[in-house]
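What follows is a short report on a single structure.
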Amino acid sequence: MINVIEVNNLVKKYEDFAAVDGVTFDVRKGEIFGLLGENGAGKTTTLEIIEGLRRLTSGTVKVLGEDVSLGCSDRIRENIGVQLQSSAYYNFLTLKEILNLFGGFYKNSISSDELLNMVDLKFKEKSLVKDLSGGQRQRFSIIASLVNDPEIVFLDEPTTGLDPIARRSLWDLIVKIKSQGKTVIITTHYMEEAEVLCDRIAIMDKGKILRIGETHKLIEGTKKPYKISFVVDKDNKGEFVLKLEKYGQIQNLAGKSNHFEMHLKSQSDVNKSVEIIHKLNPESLTVGRASLEDLFVELTGKRVEE
Amino acid sequence: MFKLFFPNLKMLFRNRQQLFWALMFPLLFTFIFGFFFGKNSTTGEIILINKSSTEIATSLDRTITDSGVFKVDTNYSDIEAATDQVKKGKVAAVLVIPENFGTVSPDASKTLEVIDDPANATTNVVLLGILDKFNAALTFQLNKISEPAFTVDEQKTNTRNLSYFDFVLAGLLGLALMNASIMGIAITMAKYREDKIFKRLTVTPMKSWWFIINEVLSRLVLNFIQISIILLIGRYMFDAHIYGNYFVIYALALLGGVLFQLIGFAIASIVKTADAAQGAAMAITIPMMFLGGVFFPVDGLPKWLFSIVQYLPLAPLLRMIRGVALDGTSPFLVPSNMILVLAWIAFCLIFASWKFRFSEE
């Protein structure tokens, strides 16, 4: 597997505060790699150092084999596409004009028509960015990062603030970009997004990487990889709860007195717990595996808020 | 690498608010000064009452009438009626040549009477200047110097037909270019920074100095339109006198455009927000508007102040434009003016290249 990005012991300090504190990871060609963490975890700073937008304090960063510690060379710029968090474009140029303008900065570029068709925005080609909806604007900002047909695409929180439908539409686009053989590095604080999209993830907190690896393996590697969720309305459920607690931690979900969730270590614990729950005639019972969010809570002790 | 030139032009002309002020500002000022000091204004009009028929009085009469500096009304004989016209603001001054003025008899009046309106300082200064020169020449002649009195007429033929409006029109050129360029660039660039457009450009192969060149070139088109509006309205609506070569005037004005845009970039290299850019741009343009010689000659300032303000970027530029427009002289006549302007351009260029960055780090 070829590494297209290699980050080694990266540190970025602002006076005494370490925004990024000794981060090491690499990104493999053709994968979607996610930097996951809450706001202020150091994801964007890490990404912007790799993009050449910020100077590192110490460590090394290589992109396509080239050291970018002092900024990116034109060769690197020609081969990366960057979508910035809350990036704005020229107010008085149409979508097509912006794409043509940015395409003109590079030796190789994809036609604006092809890009606009890719995200169904051809009909908006003569519109200004301010006239687009939130989802359209994000789709546009992603295709604007593809104008130079880059090898590596950086997406910084591309779905933040979007409604679920727009978010899923953007996921389809990101998968489409991956299917073209490009490497995608994405930052997000949406666990579900990282779980669905990313081949590998690095979970960041307070400038450090807490866990890194293939997404499904990380989830499987949680201390309690199984999860049971059930709803019971019986009054005497107290004694059942006591029985269930032998096999795993049980808690009310979101403060609802009849809705419970259990996190369990083994398959046999799951079987025994389900047997007990059945005796309660639950209104609803689901058994599944732990999610990325469960892993995140396990690692950081907190949930990510929007 | 002129990819940004046409998109920049489109943006300049689509940004109606900025365009409006860039074009309305010079338009407004030219009209205001045109109405006050242009061809139909009373500023340059005087009444001449000549009660003497001596050769000297006739010579003075001719000097004033033919000077072309003023519009001279000779239809009044009553001083009171003429004074009334000054009070009403219909004319700037009344010049009375008393009876027997010019004769050598001891009881003949030797005093010319000028009744003026203090509000028309420019006309008064010019009128008194001419009279002083006439009197000096006359005294010179009467003191038995063999030179004939026609030296006075020679001065007249050498005097260009100029008005305050002609003076201020060149100043308005500089003012319009300065305001649109310094404010326009400083605020637009700060806005680009706020909107993270610079950040987006950092990750492309576009170099910041190419960006500056494209921006300057496209804004010179706007400057060209500004210059044309001022000159056209000044020349054809208010009869401004322009004696020099238009091509040279345009070249100098555009050189000024480049200078002011680079000042705008120098500001944009330091400030981070559009509000700060506006404040910094105004802190530079407003003092320069008054101290750079737009509305009045800076030579009249106290010596210590003049010794400073003569080096402001606008001052040497206006000296050159006025030299060409009003006297038809070469902009290289006083080399220090051109050297100063080029030095300011070089300084701002070096400063902007050094400090102006797309990236915040």
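In what follows, chains are A, B, ... by sequence order, proteins preceding strands, each numbered from 1.
Heavy-atom neighbours of chain B within the stretch residues 113-127 of chain A, taken at a separation under 4.5 angstrom, are nonexistent. The stretch residues 177-192 of chain B places B:Lys191, B:Tyr192 near chain A, each with some heavy atom under 4.5 Å from a heavy atom of that chain.
What you find for B:Lys196 and A:Leu84 is that their closest heavy atoms are O-CD1, 4.2 Å. Nearest heavy atoms, B:Arg14 versus A:Thr94: NH1-N, 4.1 Å. Scanning all heavy atoms of the two residues, the minimum distance from A:Tyr106 to B:Val203 falls at OH-O, 3.7 Å. Between B:Pro7 and A:Leu93 the shortest heavy-atom distance is O-CD2, 3.9 Å. Across A:Ala144 and B:Arg200, no two heavy atoms sit closer than the pair O-NH2, 2.9 Å.
Residue B:Lys272 places its NZ atom among more than 12 non-hydrogen atoms of other residues, nucleotides or ligands, all under 6.0 Å distant. For A:Trp171, the CH2 atom is densely surrounded, since the number of other residues' heavy atoms within 6.0 Å is greater than 12. Atom CZ of B:Phe25 is surrounded by more than 12 heavy atoms from other residues, nucleotides or ligands within 6.0 Å. The number of heavy-atom neighbours closer than 6.0 Å to OH of B:Tyr246, taken from other residues, nucleotides and ligands shown, is above 12. For A:Lys62, the NZ atom sits in a loose shell: 12 or fewer heavy atoms of surrounding residues, nucleotides or ligands are nearer than 6.0 Å.
Of all the listed residues (A:Glu51, A:Glu48, A:Lys107), the one sharing the greatest number of non-hydrogen pairs under 4.5 Å with chain B is A:Glu48. Per-residue heavy-atom pair counts under 4.5 Å with chain B were compared for A:Phe102, A:Phe92, A:Phe154, and the maximum is reached by A:Phe92.
Distance CG/B:Asn8 to OH/A:Tyr90: 6.5 Å, rounded to 0.5 Å.
Contact annotation for A:Asn100: neither backbone nor side-chain heavy atoms come within less than 4.5 Å of a heavy atom of chain B.
The closest side-chain heavy-atom distance from A:Phe105 to B:Leu4 is below 4.5 Å. Contact check for B:Met206 versus A:Leu101: no side-chain heavy atoms found under the 4.5 Å cut-off.
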Give the intermediate values and the outcome of side-chain contact (heavy atoms from CB on, under 4.5 Å) for residues A:Val147 and B:Thr204. CA-CA 11 Å; A:Val147 283; B:Thr204 72; over 6 Å; no
